[in-house]
Amino acid sequence: MLESIKSPADIKALDSAQLIALSEEIRHFLIDKVSKTGGHLGPNLGVVELTLAIHRVFNSPSDVVLFDTGHQSYVHKMLTGRAADFDGLRQRGGIAGYPNRSESEHDVIENSHASTALSWGDGISYGFAQTGQSDRHVVVVVGDGALTGGMSWEALNNIAATEVRNLVIIVNDNERSYSPTIGGLATYLSTLRVTRGYERFLDWGKDVLHKTPVVGTPIYETLHGMKKGIKDIVAPQGMFEDLGLKYMGPIDGHDIAAMEKALLKAKAFGEPVLIHAITEKGRGHKPATDDEAEKFHAVGVVDPATGASLSKSVTSWTKVFSEELIEIAREREDIVAITAAMLGPTGLAAFEKEFPSRTIDVGIAEQHAVTSAAGMAFAGLHPVVAIYSTFLNRAFDQLLLDVALHKAGVTFVLDRAGVTGDDGPSHHGIWDLALTGIVPTMHVAAPRDAARLRETLREAVEISDAPSMVRYPKGAVQIDIPAFERRDGIDVLYRGESADVLLVSIGSMAAIAVEAASMAYREGVGVTVIDPRWVKPLPTSLITMSQRYKSVVVLEDGIKHGGIASSISEMFREDGLATPIHSIGVPLEFIEHSKRSEILNDLGITAQNISRSIVEWNSANTSSGANTIMEEMQSPARENVDRKQQR
């Protein structure tokens, strides 16, 4: 049946039996396809019936359907004619793992960061009302933990103040974000499942609601009859109606008929309406429902029957960090770990097992996490905030003005730094070096391998009067690359035969840099490779070292604009050093999903391309009459023999 669906119009005439059969077919399809490509399996297994109901009641794309977050949109993609493209899900040239405007007119929000869709819905529905498009509706599917983000509540506060607006909000309450959803709001939604009478509901409210930020106290007052009669407040609408929203539910999100009935009423109402749907993450797939920690939120390539991983087991950067942080915490009682709904993906799940009282998961609330960390530092703790690089963008103001301004000793550990690959533009970690480069007092480390990750993490947590950060990429950690020597904090990884080029390698780019240097040697160009380890503040010895070379090349996996090469260039200008600098990094553009290696190849960040560029630049410098350079750091080529096959 799925093969015949080319648009949402194709499901509107299906009867109940056909819809049940289609739901089962969609789940089998999801399990089969996502198991082969990797992706967000659990969330999509939970929204099958809900998505069918939406597309039967509303008329996309005239009616706009928004997902928060976008990883819940796989079924939406199938019903809008893209089922045949799922063999290429998250693959080069294939469909994205999130909505993507270039794929379909049915997709609107490409940003896959959580808690934004309600603001989008507010703006779009306002625009429709202002421009006389009263026949168009906006549907916002918000859930999978997105309501733990403060931005959702800012939007709800504004939406509740409106009246004439064709806006339907569906709270997809599956009790989950990426890992078990936490916080007062999550507890509230969980409680609604089991509320049966006044006493249990009121007892729960007294204990929990005061813990809920912003809206907790008004709801507690309501529970005590200060705003309503007791008879009116045992229904689940209490919290949302206190905000001024019309509420429907809870409704079984897997009952298509019930969902359609609610959606039709909401569609006809003409004002913002919130529908509370109860769903099960991972529904219909036993390996997913048995996965208590993640519910198969995101999987790699797995066996479709058992859910067992089929990927080769490797030691990841994340695991190295996790193990070292546990060791440090055993030595220091002031170490606490904070994350934003990412215990498993950031490696803190193991930390929580050993130190449950020293582990804080704030939900999808990075801003709160960072400012809370500043408070913990003030109280004498040393917080380690572990998040994805891309999610630090959401908390930049707090990093700058709550942590850095107040000289708080907080360590940030950024997983998935640099080019990440499969998840597309909003998940690449290519902005962190540029962003943190403008934060006064910030210390930033970019370890090249596991040994340096352990080393710089320990150095970072020793900084008690300023923020520190350690960043590393996604995936398998590369073989350790020992230094020939360390000069004033700078590691020398490869010594060129002549003092032609100083190649400054940032973080995990070291293996490519060493290989490129060995290739350039065969072309008669001497390249010395160094790793500063700490890239902010840059070691002043870099100036003295650079004076010995005809040119300096900087290799980094962040954006070139405002990156490390820019910082080195500024350092040179302030010191009056005229040594030419060349930058190799990521251009200032949004990069679509693909494998990391494929993206790096597209950008020319390969040993062969780098070597070719170095040879060409050196030739240009030589022909322009560059000064004779000292060769103090040079040594025989045999020293570098073992450095050619490190990748």
Side-chain angles (χ1 to χ4, degrees), residues 38-43 68-72 97-98 111-116 143-152 174-183 186 281 291-300 316-326 336-356 358-373 383-395 398-399 410-418 420-423 426-429 432 457 469-475:
H40 290 91
L41 182 55
D68 193 350
T69 60
H71 61 239
Q72 301 173 94
Y98 300 90
N111 172 25
S112 56
H113 287 193
S115 308
T116 65
D144 212 24
L147 278 179
T148 61
M151 189 173 171
S152 289
N174 60 19
E175 216 178 10
R176 297 278 167 170
S177 53
Y178 301 135
S179 44
T181 304
I182 55 86
K281 192 170 185 177
D291 177 17
E292 186 58 32
E294 301 283 342
K295 297 293 181 184
F296 273 34
H297 173 78
V299 299
S316 68
W317 290 89
T318 306
K319 183 177 182 181
V320 173
F321 157 68
S322 175
E323 293 174 347
E324 190 64 21
L325 184 64
I326 290 172
V336 294
I338 308 173
T339 191
M342 287 283 184
L343 277 175
T346 60
L348 291 186
F351 186 94
E352 183 190 36
K353 281 187 176 181
E354 185 159 345
F355 305 105
R358 293 159 64 183
T359 307
I360 302 99
D361 184 350
V362 301
I364 304 175
E366 291 84 0
Q367 292 173 302
H368 166 66
V370 174
T371 300
S372 179
V384 177
V385 180
I387 55 178
Y388 284 7
S389 169
T390 183
F391 296 140
L392 182 65
N393 302 353
R394 298 163 64 97
Q398 289 69 33
L399 165 63
V410 177
T411 296
F412 295 85
V413 176
L414 302 191
D415 205 319
R416 272 71 165 175
T420 55
D422 313 70
D423 285 326
S426 61
H427 269 57
H428 291 305
D432 61 81
L457 179 61
M469 184 180 93
V470 180
R471 71 187 297 271
Y472 49 81
K474 177 182 179 180

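- Take Tyr388 and apply the ring pair (Phe, Tyr, Trp, His ring centres under 6.0 Å) test, not counting sequence neighbours, and it matches Phe391.
- Looking at heavy atoms from C-beta onward, Ile387 lies out of side-chain contact with Met342 at the 4.5 angstrom threshold.
- Atoms CG and OG1, from Asp415 and Thr318 in turn, are 3.5 Å apart once rounded to the nearest 0.5 Å.
- Between the side chain of Asp68 and the backbone N or O of Ala114, no donor-acceptor pair lies under 3.5 Å.
- Among residues two or more places apart in sequence or in another chain, the side chain to side chain donor-acceptor pair (under 3.5 Å) test is passed with Ser316 by none.
- When every heavy atom of Ile364 is checked against every heavy atom of Ala146, the shortest pair comes out as CD1-N, 4.1 Å.
- Scanning for side chain to side chain donor-acceptor pair (under 3.5 Å) contacts around Ser372 gives an empty result, with sequence neighbours left out.
- Here the side chains of Ile338 and Val362 are in contact, with some heavy-atom distance below 4.5 Å.
- Put simply, the side chain of Leu348 reaches to within 4.5 Å of the side chain of Leu325, judged on heavy atoms.
- Of all heavy-atom pairs between Lys281 and Pro43, the closest is CE-CG, 3.6 Å.
- Applying the salt bridge (Lys or Arg N to Asp or Glu O under 4.0 Å) rule to Asp423 yields the partners Arg90; only residues at least two apart in sequence or on another chain are considered.
- Partners of Thr359 under the side chain to side chain donor-acceptor pair (under 3.5 Å) rule, at least two apart in sequence or in another chain, do not exist in this structure.
- Shown here for Ala365 and Ala340, the closest heavy-atom pair between the two residues is N-CB, 4.1 Å.
- Residues Ala373 and Pro383 approach most closely at O-CG, 3.2 Å, considering heavy atoms.
- Phe412 is linked by a ring pair (Phe, Tyr, Trp, His ring centres under 6.0 Å) to nothing, counting only residues two or more places apart in sequence or in another chain.
- How far CZ of Arg416 is from OG1 of Thr390: 12.0 Å, rounded to the nearest 0.5 Å.
- The shortest side-chain heavy-atom distance between Phe351 and Leu343 does not fall under the 4.5 Å cut-off.
- Legend: residues meeting side-chain contact (heavy atoms from CB on, under 4.5 Å) with Glu354, ordered by chain and number and at least two apart, are Ile326, Arg330.
- One finds the CG atom of Asn393 at 11.0 Å from the CG atom of Leu399 (value rounded to the nearest 0.5 Å).
- Here the closest non-hydrogen pair linking Ala349 and Gly344 is CB-CA, 4.2 Å.
- In this structure, OH on Tyr98 lies 10.5 Å from CD on Gln72, to the nearest 0.5 angstrom.
- Here CD of Gln398 is found 10.0 Å from CG of Leu392. Values are rounded to the nearest 0.5 Å.
- A distance of 6.0 Å separates NZ in Lys474 from OG1 in Thr420, rounded to the nearest 0.5 Å.
- Partners of Pro473 by side-chain contact (heavy atoms from CB on, under 4.5 Å), not counting sequence neighbours, listed by chain and number: Trp317, Ser508, Arg596.
- Legend: residues meeting salt bridge (Lys or Arg N to Asp or Glu O under 4.0 Å) with Asp432, ordered by chain and number and at least two apart, are Arg471.
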Candidate pair Val413 and Thr346, rule side chain to side chain contact (heavy atoms under 4.5 Å, CB included), full reasoning: CA-CA 9 Å; Val413 176; Thr346 60; over 6 Å; no
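- Applying the salt bridge (charged side-chain N to carboxylate O under 4.0 Å, His left out) test to pairs two or more places apart or on separate chains, those with a residue in residues 386-395 are Glu366-Arg394.
- Under the 3.5 Å distance criterion, the side-chain polar atoms of Ser115 are left unmatched by any main-chain donor or acceptor of Ser152.
- Distance alone, capped at 3.5 Å, places no donor-acceptor pair between the Ser426 side chain and the His113 backbone.
- Shown here are the salt bridge (Lys or Arg N to Asp or Glu O under 4.0 Å) partners of Arg358, two or more places apart in sequence or in another chain: there are none.
- Scanning for side chain to side chain donor-acceptor pair (under 3.5 Å) contacts around Glu324 gives Arg458, with sequence neighbours left out.
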